[in-house]
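Before any comments, here is the structure.
Residue indices begin at 1 and follow the sequence shown. Counting convention: from 1, in listed order, for ligands and their atoms alike.
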Amino acid sequence: MPEPGAPRRTPQGVPYADLQHIVNADGQHLFCRYWEPEGPPRALVFVAHGAGEHCGPYDEIGQTLKEQSLLVFAHDHVGHGQSEGDRMNIKDFQVFVRDSLQHIDLMKGRHPDLPIFIIGHSMGGAISILTACERPNDFAGVALIAPMVKMNPESATPFKVFLAKVLNHMVPSLSLGSIDSKWISRDQKQVEAYDNDELNHHGGLRVSFGMQLMGAVARIEREVPAITWPFLLLHGDDDKLCDIRGSQMMFDMAQSTDKKIKVYEGAYHVLHHELPETVAAVLKEVTGWISERLAVSPSQGS
Ligand SMILES: O=C1CC[C@@H](CCC(=O)N2CCC(COc3ccc(F)cc3Cl)CC2)N1
């Protein structure tokens, strides 16, 4: 433990005093990124990253939306990237949702009249869904990139789920193995970038973390039929990490009148880091979907 007066530093040793950050309800420092347009922003967009990664890889999305006069903001979730917390370990999945709402409320306080969107990828998609479920009338739209709505049946067979539950009581820190990076993208350059990114956590996924993920998936399954807010679902049909059937189930079951699903043929998990033509299509889809909802969204408050 650092001595009491020492400045709090990121896991990589950088003083938080030198970085954009927020402090969550447990006193943990979360590293933040902001993409602020030159002129007055038209809307706020919160980005929720996935398991084992951080918000740096969303720079292209952030820059693209910033050029559309959107104010994009994100943070590294607890236990990820440049934020504090034991790597990919969380006492309760709700901490990710609570911290997201804290950052969203901070930004809404600074821009009270702006509509707000969320973009979530994979585990960040699950965080986004649960965040919107807690504030069903607050968001102009939620864009979900290969969200974790259902576990991949190959990797989470009933036997493995049973085993995880048993192991969680005996060896919660046991590793279930790490994410196989070959399923990240068909673009080998993107797979190498993921493998070489030292801010990603390449250690295994603990049983206890897996249990939290399973709990989140179960909670989402219960919440989906009551969803009424606008959402966009983007999923690759060769995704081996998050089952596309989860997105299909959410699209079919949610009550929302404003919902859209787009399937990317042959694409793997990380659509925003897929082959160039897929990335371009995804960025165009997300920016277009948000712009459509800005043209007609009722102004907040007035
Ligand atoms: O750019 C990038 C780099 C990383 C990737 C995001 C990864 C991400 O968030 N995933 C994919 C893996 C998935 C594993 O799921 C489980 C595992 C065990 C278990 F017991 C229960 C579950 Cl549900 C959780 C969600 N995107």
Considering the heavy atoms of [X], write down every atom of ligand 1 situated less than 4.0 Å from one of them.
X      : result
Leu205 : 17 (C), 18 (C)
Leu213 : 15 (O), 16 (C), 22 (C), 23 (Cl), 24 (C)
Gly50  : 9 (O)
Met148 : 23 (Cl), 24 (C), 25 (C)
Val270 : 1 (O), 2 (C), 26 (N)
Gly210 : 19 (C), 20 (F), 21 (C)
Ile179 : 7 (C)
Met214 : 20 (F), 21 (C)

Nearest atoms (heavy-atom pairs only) where [X] meets [Y]:
X      : Y      : answer
Arg8   : Gly27  : NH2-O, 3.0 Å
Arg206 : Arg87  : NE-O, 4.0 Å
Pro57  : His272 : O-CD2, 4.4 Å
Ser83  : Phe31  : OG-N, 2.9 Å

- Item | Derivation and outcome, side chain to side chain contact (heavy atoms under 4.5 Å, CB included), residues Ile179 and Leu241 | CA-CA 8 Å; Ile179 291 166; Leu241 294 175; 3.8 Å; yes
Under-4.0 Å heavy-atom contact with ligand 1, by part of [X] that carries it:
X      : value
Met211 : neither
Val207 : neither
Ile184 : side chain
Asn200 : neither
Met123 : both

- Message: The test is side chain to side chain donor-acceptor pair (under 3.5 Å); show your working for Asp59 and Trp35 and say whether it passes.
- Response: CA-CA 8 Å; Asp59 186 57; Trp35 294 265; 2.7 Å; yes
- Given Tyr34, which of His103, His111, His75 fulfils the ring pair (Phe, Tyr, Trp, His ring centres under 6.0 Å) condition?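 Exactly one option meets the ring pair (Phe, Tyr, Trp, His ring centres under 6.0 Å) with Tyr34, and it is His103.
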- Val286 pairs by side chain to side chain contact (heavy atoms under 4.5 Å, CB included) with which of Ile61, Thr64, Ile119?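 Result: among Ile61, Thr64, Ile119, Ile119 is the only option passing the side chain to side chain contact (heavy atoms under 4.5 Å, CB included) with Val286.
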Any N or O on [X] sitting closer than 3.5 Å to an N or O of ligand 1?
X      : value
Glu53  : yes
Ser122 : yes
Leu176 : no
Tyr194 : no

- Task: Please confirm whether His121 comes under 4.0 Å of ligand 1, counting heavy atoms of the residue only.
- Result: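 For ligand 1, residue contact (heavy atoms, under 4.0 Å) with His121 is present.
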- Task: Assess whether side chain to side chain contact (heavy atoms under 4.5 Å, CB included) is satisfied between Asp76 and Leu199, documenting all intermediate values.
- Result: CA-CA 10 Å; Asp76 290 351; Leu199 287 177; 5.7 Å; no
- Task: Consider only side-chain heavy atoms of I, L, V, M, F, W and Y, link residues closer than 4.5 Å, and tell whether Val263 and Phe251 are in one cluster.
- Result: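 Per the 4.5 Å side-chain linkage, Val263 and Phe251 are not co-clustered.
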- List the steps, then state whether side chain to side chain donor-acceptor pair (under 3.5 Å) holds for Asn196 with Glu192. CA-CA 6 Å; Asn196 298 332; Glu192 280 155 31; 5.5 Å; no
